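Throughout, a chain's letter reflects where its sequence line sits, starting with A, and its residues are numbered from 1. No experiment lies behind these values; they were computed from the predicted model shown.
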There are 2 protein chains.
Amino acid sequence: MLTDLNINDEQELTARQQAVLDAVLGLLVEEGDALTMTAVARRASCSKETLYKWFGDRDGLLTATVQWQASKVRAGNYDLQHLDAAALRDSLEGFGANWLQVISSSTSVALNRVAVSHAGSGKSSLGQIVLANGRFAIGERLKPLLEAGRAAGLLAFEDTEAAFRTFFGLVGRDVQIRLLLGDALTLGAAEIARDAARATQQFLSLFGTETSRPKARFV
Amino acid sequence: MLTDLNINDEQELTARQQAVLDAVLGLLVEEGDALTMTAVARRASCSKETLYKWFGDRDGLLTATVQWQASKVRAGNYDLQHLDAAALRDSLEGFGANWLQVISSSTSVALNRVAVSHAGSGKSSLGQIVLANGRFAIGERLKPLLEAGRAAGLLAFEDTEAAFRTFFGLVGRDVQIRLLLGDALTLGAAEIARDAARATQQFLSLFGTETSRPKARFV
DNA sequence: TGAGAGCCGTACCGTACGTTACGGTTCGGC
DNA sequence: GCCGAACCGTAACGTACGGTACGGCTCTCA
């Protein structure tokens, strides 16, 4: 299923095409799936004929937009050597904060909404693409860190996937569903940092070893 | 905001009207937001004129459907007296299992998808209604249990809301977003029970006191 | 039994939007 | 300067669907 849903097929887009997709992103944030091809053409100052020539149809345009946004989000990796308790904690906090920042951005909310809608009508694979570039992509990025932590004797778990999913739950909690459903939840930088620290602390309480487990409880 | 978004305004629906709304639920599961008024009328063996007379417009029909479904989900409450460690654990597991069952049902997935779509276009308050009857309703139902557990010396936390959100995250993890995005994730009864037990165990590890905290770690 | 209300089935209307077609403009190559 | 390609702006087409109107059927109640 999720084999090669274009996590990485660098489609070469001209600057002009990227500008068009950025216009789509903007409209998506403002109007959601209700955006019309006419509106896109107007916003991007291009003709509808060009849109169809470049992207095939409305669905192709949205797909290209999702992949374009995904290609912008790729984050850097971490140093898996020299892992001690402090470095592990910092990396986990970094992951958590980055993830919270992504899912709480208006762009992510808008794209996820569109993908969810389309997953309902089965009229495209936007949902799969978003999953592959979101939930599963960070899973693949985080798991090496977890396993390095285990190898260093800092974490104890059997199932890497299960451990990751727990971390995912501790970080995200109800944030994404609330935002998707339109709750007026705003996450500032300070709040994100605090949440990521809390989630990390909880995760280490659950999966840490003597050397990495927090001494104090977090109230 | 969320003050009185009809968590409970028992709209008296005739049996016929309920049958119509059940038809809408079925169509929603099958076709998502793409359902047409004509399709509803055909499925429910009623005329479009009747649909409009009863529910006003398409939006009113969907709103009534969401509220009708919500009214079916209300679960029973728990015994907050005589709370010991075992009873607390059982209640938490029951909550978790019930919640997992709800969010993994095709009906819930379909309704949440529709609500998410509409939240994007801002064309109705379906999102708020789903939030009020979903995430926030279970919050209000679970918090008394958490506070009773604290009063009985079985739990230790300061912020009830924060404790609830952690439980929410531990139970749901990535399930809801994956289902909404169309991942082929199926939760059987056994899996739900196991997940609820794991989440409860983890929650008690984090917030339990000497008398309720699990002795063993969960691998 | 007959009048009226409620509802079914269907035809109809208006509109919005995806898609296509086309005339006009710019620009690089010869 | 001329040609063709690419692209812009806009008009036009076809369709799908929300919403309305209407004729006919059934059931209730006086």
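When the P atom of D:dC27 is taken as reference, atom CZ of B:R16 falls 14 Å away, rounded to whole Å. In this structure, A:Q17 atom CD and D:dA6 atom C1' are separated by 12 Å, rounded to whole Å. Look at CD on B:E49: it is 12 Å from P on D:dG23, rounded to the nearest Å. Following rounding to the nearest Å, A:L62 (CG) and C:dC17 (C1') show an atom-to-atom distance of 14 Å. Atom-to-atom, CG of B:L51 to P of D:dT20 comes out at 12 Å; the value is rounded to the nearest Å. In this structure, the CZ atom of B:R42 is 13 Å from the P atom of D:dA16, given to the nearest Å. Distance, A:K53 NZ to C:dC22 P: 14 Å, rounded to whole Å. Residue B:L61 contributes atom CG, which lies 16 Å from atom P of D:dC17 at whole-angstrom precision.
Contact between the side-chain N/O atoms of A:T50 and the OP1/OP2 oxygens of D:dC7 is not found at any separation under 4.0 Å. Neither OP1 nor OP2 of C:dG6 sits under 4.0 Å from any side-chain N or O of B:W54. Under 4.0 angstrom from either OP1 or OP2 of C:dT20 there lies no side-chain N or O belonging to A:R58.
Between the side chains of A:T200 and A:E93, no donor-acceptor pair is found at a separation under 3.5 Å. Donor-acceptor pairing under 3.5 Å is lacking for the side chains of A:S108 and A:S105.
Checked against side chain to side chain donor-acceptor pair (under 3.5 Å), B:K72 has the following partners two or more places apart in sequence or in another chain: B:D22.
Along DNA chain D, the nucleotide nearest B:D59 and the nucleotide nearest A:A44 are compared for position; the residue whose nucleotide lies closer to the 5' end is A:A44.
A perpendicular orientation is assigned to the rings of B:F207 and B:F157, their planes being inclined by more than 60° (bins at 30° and 60°). By the 30° and 60° cut-offs, the orientation of the rings of B:F203 relative to B:F167 is perpendicular.
Residues B:W54 and B:R16 are in side-chain contact: their nearest non-hydrogen atoms beyond the backbone lie under 4.5 Å apart.
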task = Apply side-chain contact (heavy atoms from CB on, under 4.5 Å) to A:L111 and A:L25, showing your working.
result = CA-CA 8 Å; A:L111 288 179; A:L25 279 177; 4.0 Å; yes
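A heavy-atom distance below 4.0 Å to DNA chain C is reached by these residues of residues 25-41 of chain A, ordered by number: A:L35, A:T36, A:M37.
Not a single donor-acceptor contact under 3.5 angstrom links the side-chain atoms of B:K48 to the base of C:dT10.
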